[in-house]
Peer 1: 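Mind looking over this structure? Questions follow.
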Number of protein chains: 2
Amino acid sequence: MPEEPSIGVLLFIPYRAMEERVFAALDAAGHEITRAQMKLLQRIDEDGSRLSALAESAQVTKQTAGYLVDQLERTGYVERAPDPTDARARLVRLTERARALHPVARRAEAETEAEWLAHLGKRRMDQLRDALTRLREITDPYLERP
Amino acid sequence: MPEEPSIGVLLFIPYRAMEERVFAALDAAGHEITRAQMKLLQRIDEDGSRLSALAESAQVTKQTAGYLVDQLERTGYVERAPDPTDARARLVRLTERARALHPVARRAEAETEAEWLAHLGKRRMDQLRDALTRLREITDPYLERP
DNA sequence: TAAATTAATCAGAGTCTCTGACTAACGTCA
DNA sequence: TGACGTTAGTCAGAGACTCTGATTAATTTA
């Protein structure tokens, strides 16, 4: 007689399943991206971002961000360019290779979500999204509040 | 105009909030437990568990499990005893100190859940749990299937 | 009983993260 | 305008967590 999982575990199980689908799709498309690298990659602005900005956004130290950007640079996902407005700074920019990741990740996400919708039905899927969106109001420390 | 977060992110945000509440409560009660240690600790059977069993259950190698059990042993949360049924094996057992973690963690979880209930209302909280429980049917790789 | 398997450990390495110290460039203000 | 404090980034060193490969000891199988 297995116990009821806690709400925390119930949230984690599908989250993890989604994450694994996305990384599996990236891997299948020839992209060996780690979770840590992705955390940074997602935060790089269209016009490039400074290391400090990435570090702050991803909640890691500048040293950690530098270590991850080094890796992403070596594997061809980002490049560093001088920042024209400040000679101390450099802009981390996405390469074409990095831009190719987005559609792959989005497709895997959309496919997984479609399977969930098929299993839950539209009503319950809407209820799930609604409840999670409202829950975010009190659990997201970075949510913009009006 | 911030985009709608994906369902994956929406799941992750409250999960992470819950996890942080639990570890903060443990920390406040004087227990410095890491996520990796907790993953093992949760899987130790009432009568003790073998290292191999813990490793398999937590999805890590035996070496990793050994490394974590060493730490937990040093900090007084587990002890190793010979397995009377097999001289190669040793049983990892919870100490009293480890047993003291459970009520602290459960209380933090219950408090957080109560806040969520107050914010969402009973109807939406029930819908959330229902949707997540059904979602588990297709996203939990370790779910017992009848 | 010899061979294969299983339980655990040792050794070495890679990833991710941190703190502390440093250099170079920028901004301020007396 | 020049000294001072701040900011951007890097270097060095360390700790946590994870892995692969090799080893030892005990058990199970053929």
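Residue numbering restarts at 1 for every chain, and letters A, B, ... go by the order of the sequence lines. The figures that follow rest on heavy atoms only: side chains count, while hydrogens, waters and symmetry mates do not.
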Peer 1: Measure from CZ on A:Arg90 to C1' on C:dA24 and round the result to the nearest Å.
Peer 2: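 Nearest whole value for this atom pair: 13 Å.
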
Peer 1: Using side-chain contact (heavy atoms from CB on, under 4.5 Å) as the criterion, point out the one residue from B:His31, B:Arg106, B:Gln42 that pairs with B:Leu101.
Peer 2: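 When B:His31, B:Arg106, B:Gln42 are each tested with B:Leu101, the side-chain contact (heavy atoms from CB on, under 4.5 Å) holds only for B:His31.
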
Peer 1: Give the rounded distance in Å between these two atoms: OH of B:Tyr67 and C1' of C:dA11.
Peer 2: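 Rounded to whole Å, this separation is 15 Å.
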
Peer 1: Go through the N and O atoms of the side chain of B:Gln63 and the base of C:dG12, and report whether any donor-acceptor pair is under 3.5 Å.
Peer 2: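 In this structure, the two groups form no donor-acceptor pair.
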
Peer 1: Does a nitrogen or oxygen in the side chain of B:Thr61 sit under 4.0 Å from OP1 or OP2 of D:dT18?
Peer 2: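 No, B:Thr61 has no side-chain N/O under 4.0 Å of OP1/OP2 on D:dT18.
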
Peer 1: If I take atom CG in residue A:Leu41 and atom P in nucleotide C:dC16, what distance separates them, rounded to the nearest angstrom?
Peer 2: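 Distance check: A:Leu41 CG to C:dC16 P gives 13 Å.
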
Peer 1: Rounded to the nearest angstrom, tell me the gap between atom CD1 in B:Ile33 and atom P in D:dA16.
Peer 2: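 Checked: the CD1 to P distance equals 14 Å.
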
Peer 1: Look at the side chain of B:Leu68 and decide which nucleotide, out of D:dC17, C:dA8, D:dA8, has an atom nearest to it.
Peer 2: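 It is D:dC17.
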
Peer 1: Sort out for me which residue in A:Thr34, A:Leu94, A:Leu54 forms a side-chain contact (heavy atoms from CB on, under 4.5 Å) with A:Leu41.
Peer 2: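 The side-chain contact (heavy atoms from CB on, under 4.5 Å) with A:Leu41 is passed solely by A:Leu94 among A:Thr34, A:Leu94, A:Leu54.
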
Peer 1: In terms of hydrophobic clustering (I, L, V, M, F, W, Y; side-chain heavy atoms under 4.5 Å; direct or indirect links), are A:Leu120 and B:Leu120 co-clustered?
Peer 2: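 Yes; tracing contacts between hydrophobic side chains, which count when under 4.5 Å, links both residues.
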
Peer 1: Respond yes when some side-chain nitrogen or oxygen of B:Arg88 is under 4.0 Å from OP1 or OP2 of D:dA25, and no when none is.
Peer 2: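 Result: no.
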
Peer 1: Between B:Arg43 and B:Ser57 (side chain of the first, backbone of the second, donor and acceptor by atom type, cut-off under 3.5 Å), is there such a pair?
Peer 2: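 Looks like yes, one N/O pair under 3.5 Å.
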
Peer 1: Between D:dT7 atom P and A:Arg50 atom CZ, what is the distance in whole Å?
Peer 2: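 Computing the A:Arg50:CZ to D:dT7:P distance gives 12 Å.
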
Peer 1: Under 4.0 Å between a side-chain N or O of B:Arg80 and OP1 or OP2 of C:dT9?
Peer 2: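 Yes, because at least one side-chain N or O of B:Arg80 sits under 4.0 Å from OP1 or OP2 of C:dT9.
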
Peer 1: For A:Asp83 and D:dA8, what is the distance between atoms CG and C1' respectively, to the nearest whole Å?
Peer 2: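 Value for this atom pair: 10 Å.
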
Peer 1: A:Lys39 or B:Gly66: which one's nearest nucleotide on DNA chain C is closer to the 5' end?
Peer 2: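 By nearest-heavy-atom nucleotide position, the 5'-most residue is B:Gly66.
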
Peer 1: Could you state the CE-C1' distance from A:Met38 to C:dT15, rounded to the nearest angstrom?
Peer 2: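 Atom-to-atom, A:Met38 to C:dT15, this comes out as 17 Å.
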
Peer 1: Can A:Glu19 and A:Tyr15 be counted as having a side-chain donor-acceptor contact under 3.5 angstrom?
Peer 2: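 The answer is yes; a qualifying pair exists.
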
Peer 1: For a quick test of reading the model: is some side-chain N or O of A:Ser52 closer than 4.0 Å to OP1 or OP2 of D:dT7?
Peer 2: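 Answer no for this pair, as no side-chain N or O of A:Ser52 is under 4.0 Å from OP1 or OP2.
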
Peer 1: Taking the nucleotide of DNA chain D with the closest heavy atom to each, which residue, B:Lys62 or A:Asp70, is nearer the 5' end?
Peer 2: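 Nearest-nucleotide comparison on DNA chain D picks A:Asp70.
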
Peer 1: Does a side-chain N or O of A:Thr64 approach OP1 or OP2 of C:dC16 to a distance below 4.0 Å, or not?
Peer 2: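 No.
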
Peer 1: With a 4.0 Å limit, can you tell me whether A:Gln71 has a side-chain N or O closer than that to the phosphate oxygens OP1/OP2 of C:dC16?
Peer 2: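 Looking at the OP1 and OP2 atoms of C:dC16, one of them is under 4.0 Å from a side-chain N or O of A:Gln71.
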
Peer 1: In whole Å, what is the span from the CG atom of A:Leu40 to the P atom of C:dC16?
Peer 2: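 About 11 Å, once rounded to whole Å.
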
